[in-house]
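Reviewing the structure listed below.
The chains referred to below are lettered A, B, ... by the order of the sequence lines, with proteins before strands, and numbering in each begins at 1.
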Amino acid sequence: MEASPSRGTSCLLDENTFTENFMNQMNPRKTYLCYKVEILDGDARIPLDEKKGFVRNKGANEPGEPCHAERYFLDRICSWNLDRELHYRLTCFISWTPCVTCAQKLADFLGKNSHVSLHIFASRIYSLSDYKAGLRTLQAAGAQIAIMTSKEFEHCWENFVDHQGKPFQPWVGLEVVSQDLCNNLQAILQTQEN
DNA sequence: ATTTTCAAT
């Protein structure tokens, strides 16, 4: 097999992979997380394009220990050794909101890294176990959590997908499902009830 | 009140 360690397109998602995983009315059993990094300098944002990419979870059907996408994301962030003298804004676009365990890990990270702010846009709400408490914990730690709208889907398409020059084509129902999920998320984040 | 979803009925 031919080795190609650093091809230019290696940080781009295949078109079908993006659609299959981010279509908000589907329920795939895997998670993709696209991320980008900016330095905040006053009102200016300086993108660090070399620190842009995506991770996906390792499922229970794959060799080794299963691992949620967020853990790979946190590993990458830590490997960058971000300068504590600067302020960074991390934005991630994730196909499922973090589970309660990952939400806690992200909250812990934010608590220890006040030079980093985190904005999360999710395609769907992962709703098992104590997911509501997890999302509230993450929000309380300073993370901004929102549902992806057509604006974010298009942004992902333009920035993380090997789209071969094709424009983003919204799928039927995108807006309605997104709005519905947005309402659900707001209800979760604004109350303390389960 | 709401789900079945980071795979395996």
Side-chain angles (χ1 to χ4, degrees), chain A residues 10-37 52-79 90-110 118-139 141 143-150 152-153 155-157 159-161 171-194:
Chain A
S10 61
C11 70
L12 290 178
L13 274 170
D14 174 78
E15 188 184 321
N16 292 329
T17 303
F18 173 76
T19 306
E20 287 164 13
N21 283 281
F22 282 88
M23 266 188 124
N24 50 9
Q25 65 271 69
M26 299 287 131
N27 293 334
R29 300 178 118 121
K30 54 195 170 179
T31 297
Y32 278 78
L33 185 160
C34 303
Y35 57 86
K36 66 175 181 177
V37 186
K52 188 177 89 165
F54 72 90
V55 292
R56 64 150 291 186
N57 74 297
K58 187 163 74 170
N61 58 329
E62 297 173 73
E65 284 291 304
C67 181
H68 280 191
E70 293 87 337
R71 210 171 88 202
Y72 290 123
F73 179 46
L74 281 171
D75 287 349
R76 290 213 180 165
I77 298 167
C78 291
S79 77
L90 269 44
T91 306
C92 67
F93 305 92
I94 186 166
S95 55
W96 287 107
T97 51
C99 74
V100 61
T101 304
C102 290
Q104 186 63 58
K105 283 179 183 165
L106 289 166
D108 290 345
F109 173 83
L110 291 174
L118 178 64
H119 289 238
I120 297 172
F121 293 95
S123 174
R124 292 173 291 266
I125 301 171
Y126 183 80
S127 42
L128 291 179
S129 169
D130 289 327
Y131 73 103
K132 293 182 181 177
L135 293 173
R136 287 183 203 120
T137 298
L138 188 46
Q139 176 179 247
Q144 303 286 317
I145 312 171
I147 295 296
M148 290 175 75
T149 65
S150 56
E152 284 80 30
F153 288 118
H155 178 85
C156 273
W157 176 265
N159 289 279
F160 296 103
V161 178
W171 48 87
V172 175
L174 183 158
E175 296 286 357
V176 174
V177 176
S178 174
Q179 187 58 56
D180 202 30
L181 290 170
C182 188
N183 293 341
N184 291 351
L185 181 63
Q186 289 314 308
I188 291 164
L189 294 178
Q190 284 169 13
T191 68
Q192 294 299 321
E193 293 157 29
N194 287 312

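- Rounded to whole Å, the separation between the C1' atoms of B:dT4 and B:dA8 comes to 13 Å.
- Taking 4.0 angstrom as the limit, A:Asn184 places none of its side-chain polar atoms (N or O) nearer than this to OP1 or OP2 of B:dA1.
- A:Asn57 places no side-chain N or O within donor-acceptor distance of the main-chain N or O of A:Lys30, the cut-off being under 3.5 Å.
- No side-chain N or O of A:Ser178 forms a donor-acceptor pair with one of A:Glu175 less than 3.5 Å apart.
- As a whole-Å value, the separation of A:Leu181 CG from B:dT2 P is 16 Å.
- For A:Asn27, taking side-chain heavy atoms from C-beta onward, the closest of the listed nucleotides B:dT5, B:dC6, B:dA7 is B:dT5.
- For the pair A:Leu128 CG and B:dA7 C1', the interatomic distance rounds to 12 Å; values are reported in whole Å.
- Across all strands shown, A:Thr97 has heavy atoms under 4.0 Å from base atoms, whether or not it also approaches the sugar-phosphate.
- Under the 4.5 Å side-chain criterion, counting only non-hydrogen atoms from C-beta, A:Glu152 is not in contact with A:Ile147.
- What separates CD of A:Gln25 from P of B:dT5 is a distance of 15 Å, to the nearest Å.
- Spacing between atom CG of A:Leu33 and atom C1' of B:dC6 amounts to 11 Å, rounded to whole angstrom units.
- With sequence neighbours excluded, the residues forming a ring pair (Phe, Tyr, Trp, His ring centres under 6.0 Å) with A:Phe121 are A:Phe93, listed by chain and number.
- Using atom P as the reference point in both B:dT5 and B:dA1, the two lie 23 Å apart (nearest Å).
- In this entry the distance linking CG of A:Asp130 with P of B:dT2 reads 14 Å, nearest Å.
- The separation between A:Leu185 atom CG and B:dT5 atom C1' is 16 Å, rounded to whole Å.
- The listed nucleotides are B:dC6, B:dA7, B:dT2; the one nearest the side chain of A:Asn61 is B:dA7.
- Residue A:Lys52 holds its NZ atom at 12.0 Å from OG1 of A:Thr91, rounded to the nearest 0.5 Å.
- Rounded to whole angstrom, the span from the OH atom of A:Tyr126 across to the C1' atom of B:dA7 amounts to 10 Å.
- Listed nucleotides: B:dT4, B:dA8, B:dC6. Nearest to the side chain of A:Ala60: B:dA8.
- Computed from coordinates, the A:Met26 CE to B:dT4 P distance equals 13 Å when rounded to whole Å.
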